[in-house]
Protein chains: 2
Amino acid sequence: MIRNKSTLALVAEVAGVSLKTASRVVRKEPNVREETRRRVEHAMNEVSYRPGVAPRASVGARSFLIGLVFDNPNSSYVVDLLRGATEQTRAEGYNLVVEPIRTDDVNIVVNIKRLVIQSNLDGIVLPPPICDLDDVLSILDEFGTPYVGIGPNNNVLVNRPSIDDEAAAAAMTDYLIQLGHTDIAFVKGRARTSTTGQRLKGYERALRNSGLCRRSDFIVDGDYTFKSGLHAGEQLLRLNSAPTAIFASNDEMAAGVMTAAMKRNLIVPDDISVAGFDDSPTATMIWPQLTTVRQPIDEMSKIAVSMLVSQLRDREVASRETKVEYQLIVRDSTSSLKQS
Amino acid sequence: MIRNKSTLALVAEVAGVSLKTASRVVRKEPNVREETRRRVEHAMNEVSYRPGVAPRASVGARSFLIGLVFDNPNSSYVVDLLRGATEQTRAEGYNLVVEPIRTDDVNIVVNIKRLVIQSNLDGIVLPPPICDLDDVLSILDEFGTPYVGIGPNNNVLVNRPSIDDEAAAAAMTDYLIQLGHTDIAFVKGRARTSTTGQRLKGYERALRNSGLCRRSDFIVDGDYTFKSGLHAGEQLLRLNSAPTAIFASNDEMAAGVMTAAMKRNLIVPDDISVAGFDDSPTATMIWPQLTTVRQPIDEMSKIAVSMLVSQLRDREVASRETKVEYQLIVRDSTSSLKQS
DNA sequence: CTGAAAGCGCTTACAG
DNA sequence: CTGAAAGCGCTTACAG
């Protein structure tokens, strides 16, 4: 077991400085003479020193640890989140602690509390739907643990990186209207998640702006899973006056809608146009490929981390621009309304 | 900032015992009188004590930290891995440190080295394709860091939880043969990954056992991505004497093959049968739903963690049964060969 | 700009 | 079965 664990003490000894001075250059603190800094840096390379994350975390006010919890039915979302957060967290000199949790778990608050305490987290990033859980937010407030959410606000106090979900959903709906569709249905996302409400609002706004009437039988429940999309699609296509276009508020549900259509021997997009949201890998793994809205999850994750870090540094919430760009991606699952 | 961080010292004080005794019951060590144990446990609840992960990790021989690195194009695989590892790791009293890495990164060995040193890992679990990288394995051996892989062995010395990939691939091929197919093509996985070779072997074995000839133009390259499956499908369907069934060695590639078929206006499974491997969410998000082999990733991940933990405890590699069950899942993408 | 000392929350020998 | 002491690798006041 040759664990060539070089310690800060070794670095200090090799550089011929005190522990504290070595610590200063490792932590990139000011007040070190340029020549001293260079000597220490050289020593660090010499013994290939890496500051251990555990000792830093066990002492002092800051642990340099940021937590990422997630509970999302869409695994590509989780992986994008993870990659973005890992990258930015490393760039900022922090370490990431991840924890999958279940929103429907009654112990969710206890679990987050345990995570924050046990790991001594400096802050935590909360993707949807966790950032929409008031219980979680208030326990973090009580602890004084800084956090930043991801996705549209339903609470003015918290600023989060997000696309404008409402505008994006309106843009997709407008696109379907431009194709000549007037009977456009909408599949809602998971209840009590802020994206769900925003996307529905965008759909309704676009309808209203074009003078189309909102039919309540055209708005059906879903929970962002494929299965819920399948059920929603079956329900919509069973209608006496069925829609000619269905906008599902994420790609997995859109895939479900497409399956429902195909089960009825309907051809997408000739008989029915289908649109999704997210541009997840699923969007291009189904046939025909899905018209959708691209959302840069990894970028949002990076921004969330850097917002959190600057909040940690400045001890106050930065009010910075947090809207990121969405993009309408037109593929083959939508087409002009055929004259009948 | 009311961080009600209760320390071991507080527990000891409340219980009226020494620090060491309190430590003993927290760590579930022997040699504590039953009554003392109870008193300490009561005190732990009283002050809702949680041992901090950082201090444990910064001192002593063991850090109680297990690493999970991954680099997989398939995000559902990653998430299953993560869930399984998180669960088992917690059950064993360990904490999980995760790190996404890139196999094609030239710095991969350096990154793993850094991870092991910085986080002071007790051990690490290596899913494919990382467990098939000799460089990584040898640096870990040099460090004396225990590891356990996942997936089929290509190295007798390492035992890993896995299904029998060869047998599973043979079973799928046999199934296609039973449906009457004789012209069965195979799409290979990523190069230098052990599953790739095993699954190919299974396909070839089944062919051989049924007296069918192995056509080299029916075996095409892939890398476990949708895109590579699409290309492979196009290549196979362009053949003068095209196959009547295509077995892609994972679901994403099978989805690509199906898209290639649909682009040529072929009907699956009437014109061409398509089978996959993994039973990932993709398998049921495409239409027709995919015939595939189910592999319990989360269970394999759990087993990997518990193997690692017992290896840590006993200081020797446990030789235990590590094969887990696979399951042939017949859905709608395969059918009997039509007489022509 | 630099350092000697005390401290973080836990663990490891060791002694009784 | 129990505990007093030293130690882990780092950081935080504080002094010069």
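Just so it is clear: chains get the letters A, B, ... in the order the sequence lines come, proteins before strands, and each one is counted from 1.
Between B/T7 and B/Y49, the side chains place no donor N or O within less than 3.5 Å of an acceptor N or O (distance only, hydrogens not considered). In the model, B/D71 has a side-chain atom that pairs as donor or acceptor with a side-chain atom of B/T103 under 3.5 Å. Side-chain polar atoms of A/T21 and A/S18 form a donor-acceptor pair below 3.5 angstrom. No donor-acceptor contact under 3.5 angstrom links the side chains of A/Y77 and B/S75, judged on distance only.
Spacing between atom CD of A/E29 and atom P of C/dG3 amounts to 14 Å, rounded to whole angstrom units. Going from atom CG of B/N95 over to atom P of C/dC10 covers 13 Å, rounded to whole Å. With rounding to whole Å, B/K20 atom NZ is found 12 Å from D/dT2 atom P. Between B/R27 atom CZ and C/dC10 atom P there is a gap of 12 Å when expressed in whole angstrom units. For the pair B/E35 CD and D/dC1 P, the computed distance is 13 Å after rounding to whole Å. The separation between A/L10 atom CG and D/dC8 atom P is 13 Å, rounded to whole Å. Between the CZ atom of A/R33 and the C1' atom of C/dT2 there is a distance of 9 Å, rounded to whole Å. Between B/L19 atom CG and C/dG9 atom P the separation is 11 Å, expressed in whole Å.
Positionally, the nearest nucleotide of DNA chain D for B/T21 lies more toward the 5' end than for the other of B/V59 and B/T21. For B/R37 and A/R50, each mapped to the nucleotide of DNA chain D holding its nearest heavy atom, the one lying further toward the 5' end belongs to B/R37.
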Pairing annotation in dot-bracket form, given for DNA chain C with Watson-Crick or G-U pairs under 3.5 Å and | for cross-strand partners:
|||.||||||||.|||
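Residue B/R39 forms a side-chain hydrogen bond (donor to acceptor under 3.5 Å, both in side chains) with just one option from B/E35, B/E41, B/H42, and that option is B/E35. Under the salt bridge (Lys or Arg N to Asp or Glu O under 4.0 Å) test applied with B/D132, the options B/R160, B/R192, B/R190 reduce to a single match, B/R160.
Within the 4.0 Å cut-off from OP1 or OP2 of C/dA4, not a single side-chain nitrogen or oxygen of A/S18 is found. When the side-chain nitrogen and oxygen atoms of A/S58 are compared with OP1 and OP2 of D/dC8, none of them lie within a distance under 4.0 Å. For C/dG9, neither phosphate oxygen OP1 nor OP2 lies less than 4.0 angstrom from any side-chain nitrogen or oxygen of B/R56. The phosphate of D/dC1 (OP1 or OP2) has no side-chain N or O of B/R24 nearer than 4.0 angstrom.
Distance from the side chain of A/P55 is smallest to D/dC10 among C/dC1, D/dC1, D/dC10. Between D/dC1, D/dT12, D/dT11, one nucleotide has an atom nearer to the side chain of A/S23 than all others, and that is D/dT11.
Distance alone, capped at 3.5 Å, places no donor-acceptor pair between the B/S119 side chain and the B/L121 backbone.
Residue-level contact check: A/Y49 touches the backbone only, with heavy atoms under 4.0 Å from sugar-phosphate atoms and none from bases.
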